[in-house]
2 protein chains.
Amino acid sequence: MIKCVKCGQVEGIMKAGYVRGKQRFLCKPCNYYFTIQEKDVSTAVQQKRKRHQTTIIDIARTLGVSNSTVSRALHGHADISPDTRQAVLDTAALLDYQPNQLAYNLVKSRTNTIGMIVPEFHNPFFPNVIIGAHEVLTRAGYNLTIMQSNESYQVEISNTKAMLANRVDGLLISLTQETNNFDHLSVFEKRGIPLILFNRVCEEIDVPKVVVNDFESAFMAVEHLILNGYERIAHLGGPLTLLVSQERLRGYKAAMQKHGKTIESHMVIQGMLTQQKARIYGQYLLDLAERPDAIFAVNDSAAIEIMLIAKEKGIAIPDELGVVGFSDNPESAYIGPGLTTIRQPTLEMGQSTAEWILQLVDAEELNLHERKVLNTELIVRGSSMRKS
Amino acid sequence: MIKCVKCGQVEGIMKAGYVRGKQRFLCKPCNYYFTIQEKDVSTAVQQKRKRHQTTIIDIARTLGVSNSTVSRALHGHADISPDTRQAVLDTAALLDYQPNQLAYNLVKSRTNTIGMIVPEFHNPFFPNVIIGAHEVLTRAGYNLTIMQSNESYQVEISNTKAMLANRVDGLLISLTQETNNFDHLSVFEKRGIPLILFNRVCEEIDVPKVVVNDFESAFMAVEHLILNGYERIAHLGGPLTLLVSQERLRGYKAAMQKHGKTIESHMVIQGMLTQQKARIYGQYLLDLAERPDAIFAVNDSAAIEIMLIAKEKGIAIPDELGVVGFSDNPESAYIGPGLTTIRQPTLEMGQSTAEWILQLVDAEELNLHERKVLNTELIVRGSSMRKS
DNA sequence: AACGTATTCGCAAACGTTCCCGATAGTTTT
DNA sequence: AAAACTATCGGGAACGTTTGCGAATACGTT
């Protein structure tokens, strides 16, 4: 602990020069310079414990060969005779050598690491995508570094900077709902680092994207409700800053229009659906004088909240109210009645995104600005099956 | 693409020496050496696109100062005058400088990265632990690299090696159910890299551990069943290679003994409970001539499987059969009747493990071989509430 | 004028690898 | 016997930072 000789503080002390065996410091708070005898410093500044890690050079020295030889032997280079290779391998095992990936990364300017930024972890969607991506990347010998933007644009920016600083070989990102500027992403293109958007994508920048067919899925869900005899269908949607919300809204509208249903604007609500918000909106909808006879929710947790409210109010599901969600959370299968929903291929999304980024990492040019659309599945359960 | 001039293959071609403007190669498959004119090689070997990243040196050159000055200016070292610092910052922004963390890591031999190895991702337990740890680490300026051992001892070993190679500053690990040798972990102690076991721990090595009170939790669960009038309670347990399974079994037995219930050995089943296994064991238990009137399962998915089997067989829950699970998966709240279970503080486990490792990373000595035990909570729902 | 101190910068050695360009024998081929 | 080739190894630069140890001024103070 270095203490300022004037104010006595220990925080905010900075190194500042050196003079004849004395370390000089600057106390930032009181802006005062002072010197300390070096021997005192060495005891005051905590010595970081730093065991010696055996390196390639150690092996080279004990064997009396050059480090190039050791390096090549360890990598199975053709130039090395079987005898020396074996000797190197033996002493490496003997000295308990572990390669230093950091040095390797520095010289190759390649990390064998793919970065992934997701907005949140709380609903099971992103963990599942991670499982899929993780599996593919691990098999290919890559590591996966995960960061969480926590739905904050600022955090997303700092995340991307950290990814750049750590020199990931590629980045998979699902955008924040706040994100409407994309300069922090175009940096990757300038640097030649492949970038793939998945799930939460945007149209503004021209990079590979992996999404599900949100429009068709919503269309399918709403049409399913209509075909089961529901007439006045409300939509509890997500924030319109998200393309997925826009698409699902579009699908809802298209299905309604196709079947000649009028869309009542006060029954289409968009917003960030926390549990409380979902409850408020749901109560609003179910308290309406002419309440809807079905609700298509943008995700399962909102749909389940609707079901709970309906139960409290004594509204029978599915006879008096049909409900369809989106995502097929695990609980949706077990709630009674089961929640009809759209199953998204989360694992597949992770896998195909990962496979794609691996291609791009090794690609010459990364101008394959395509878009991969994965198909969903309508899971029909009790919540939308009117007995009629 | 380099082709072997003998066998024509392109796979398995290795660099081998160099001679007068010619690159030499070895075709591994047919073990044949051959040379190629260097200019042909340069077109044949795909040039890795490699944009120049602006470095500290670039800034130094454009400003006519030394790189030490630039480095210090970027870090706010006290030695640098405000003018030059500003100049450095300006040109850094102008040249779009991004620090190279790899070089930093190499020279500091510190990565600001914590590694985490989990056996699986499929049940929500580990993702939740990750959320907690991630939050704490991010706030402290650390990155989190996650690997998955997939319940395989061999994969766990290769994961730990990769963690070592990548020089993580600390490791959080939850063991595989196969793991019964711990040499791959003692390496970390030799290297002075802090290591914490969580959830899936072992007694054989002396490192910090974070667990829940499995014994007390199981005791609590079984006692709850007994107090609700259940008599013949079966236990569907996990593999006994896992300490958690042992502890929960011990808790089950202790509760039974305390209340003078006889433990019928054929009603205590241990094993790796995949869905199929759970179904097989569950059917066995419920087909018994004198079947149990309650089952304490080691996890919720097994408990839910039991409930489904009971429904198929027309066994009423909770009147004819009480069921208690472990973990409080999301679906457990929504199944009918609700599943009584033990809620584990997953987020807290992640948080406290992360906080602990951060302390250890900066600690002088890491001999605080303690054990942190987190408390669980019995969530009582319908599946164990006999109406009687 | 001499000297002590403040302030600001630079040199160069690490950190641990990879890999280009040879070098040096021994072995064939012409 | 010269030339070409095979088989193994080494020297040393490069990757981009940090930082110990000063040096070189500028400014006061006796």
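We name chains A, B, ... by the order of the sequence lines, and we start the count at 1 in each one.
The nearest whole Å value for the distance from the CZ atom in Phe25(B) to the C1' atom in dC5(D) is 17 Å. Atom CD1 of Ile59(B) is separated from atom P of dT17(D) by 8 Å (rounded to the nearest Å). In this structure, Tyr32(A) atom OH and dT7(C) atom P are separated by 11 Å, rounded to whole Å. Rounded to whole Å, atom P of dA6(C) lies 18 Å from atom CD1 of Ile80(B). The distance between atom CG of Asn67(A) and atom C1' of dC15(C), rounded to the nearest whole Å, is 14 Å. Distance, Arg72(A) CZ to dG10(D) P: 9 Å, rounded to whole Å. For the pair Asn166(B) CG and dT17(C) P, the interatomic distance rounds to 13 Å; values are reported in whole Å. Separating the NE2 atom of His77(B) from the C1' atom of dT7(C) is a distance of 12 Å, rounded to the nearest angstrom.
Taking side-chain N and O atoms only, Ser71(B) has a distance below 4.0 Å to OP1 or OP2 of dT18(D). For dT18(D), the OP1/OP2 oxygens have no side-chain nitrogen or oxygen of Lys15(A) closer than 4.0 Å. Considering only side-chain N and O atoms, Ser66(B) lies under 4.0 angstrom from the phosphate OP1 or OP2 of dG10(C). A sub-4.0 Å separation between OP1 or OP2 of dA14(D) and a side-chain N or O of Lys108(A) is absent.
Toward the 5′ end of DNA chain C lies the nearest nucleotide of Arg85(B), the other residue of the pair His75(A) and Arg85(B) mapping further downstream. Each of Ser68(A) and Thr35(A) lies near DNA chain C, and the nucleotide nearest Thr35(A) is the one positioned closer to the 5' end.
Proximity note for Arg24(B) (side chain, C-beta onward) versus dC21(D), dC21(C), dT8(D): the nearest is dT8(D). Looking at the side chain of Val107(A), the nearest of the listed nucleotides dT8(C), dT18(C), dT18(D) is dT18(C). For Tyr104(B), taking side-chain heavy atoms from C-beta onward, the closest of the listed nucleotides dT8(D), dT17(D), dC21(D) is dT17(D). Closest to the Thr84(A) side chain, of the nucleotides dG16(C), dC9(D), dC9(C), is dC9(D).
Across all strands, Asn100(A) comes closer than 4.0 Å only to sugar-phosphate atoms, never to a base (heavy-atom distances). At the heavy-atom level, Tyr97(B) lies under 4.0 Å from the strands shown only through sugar-phosphate atoms. Using a 4.0 Å heavy-atom criterion, one finds that Phe34(A) contacts no nucleic acid atom at all. Counting non-hydrogen atoms under 4.0 angstrom, Leu106(A) reaches a base of the nucleic acid.
In summary, Asp362(B) and Arg110(B) engage in a salt bridge, as defined by a charged side-chain N under 4.0 Å from a carboxylate O.
Looking at Ile173(A) and Leu195(A), their side chains come closer than 4.5 Å, going by heavy atoms from C-beta outward.
Here the straight-line distance linking atom CE of Met116(A) with atom CD1 of Ile357(A) works out to 11.0 Å at 0.5 Å rounding. With rounding to the nearest 0.5 Å, the separation of CE in Met147(A) from CG in Leu137(B) is 11.0 Å.
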Exercise. Give the C-alpha distance, both sets of side-chain angles, the deciding distance and a yes or no for ring-ring contact (aromatic ring centres under 6.0 Å, His included) between His184(B) and Tyr153(B).
Key: CA-CA 10 Å; His184(B) 59 302; Tyr153(B) 173 55; 5.6 Å; yes
Quiz item: For Glu156(A) and Thr179(A), what are the C-alpha separation, side-chain angles and deciding distance, and is it a side-chain hydrogen bond (donor to acceptor under 3.5 Å, both in side chains)?
Solution: CA-CA 8 Å; Glu156(A) 184 175 286; Thr179(A) 309; 3.1 Å; yes
Practice problem: Test side-chain hydrogen bond (donor to acceptor under 3.5 Å, both in side chains) on Ser71(A) and Ser68(A) and set out the steps. | Solution: CA-CA 5 Å; Ser71(A) 171; Ser68(A) 2; over 6 Å; no
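Five base pairs at each end of the helix from dA1(C)-dT30(D) to dT30(C)-dA1(D) define two local axes, and these are offset by 60° (rounded to 10°).
In this structure, a donor-acceptor pair under 3.5 Å is absent between the side chains of Ser152(B) and Ser149(B).
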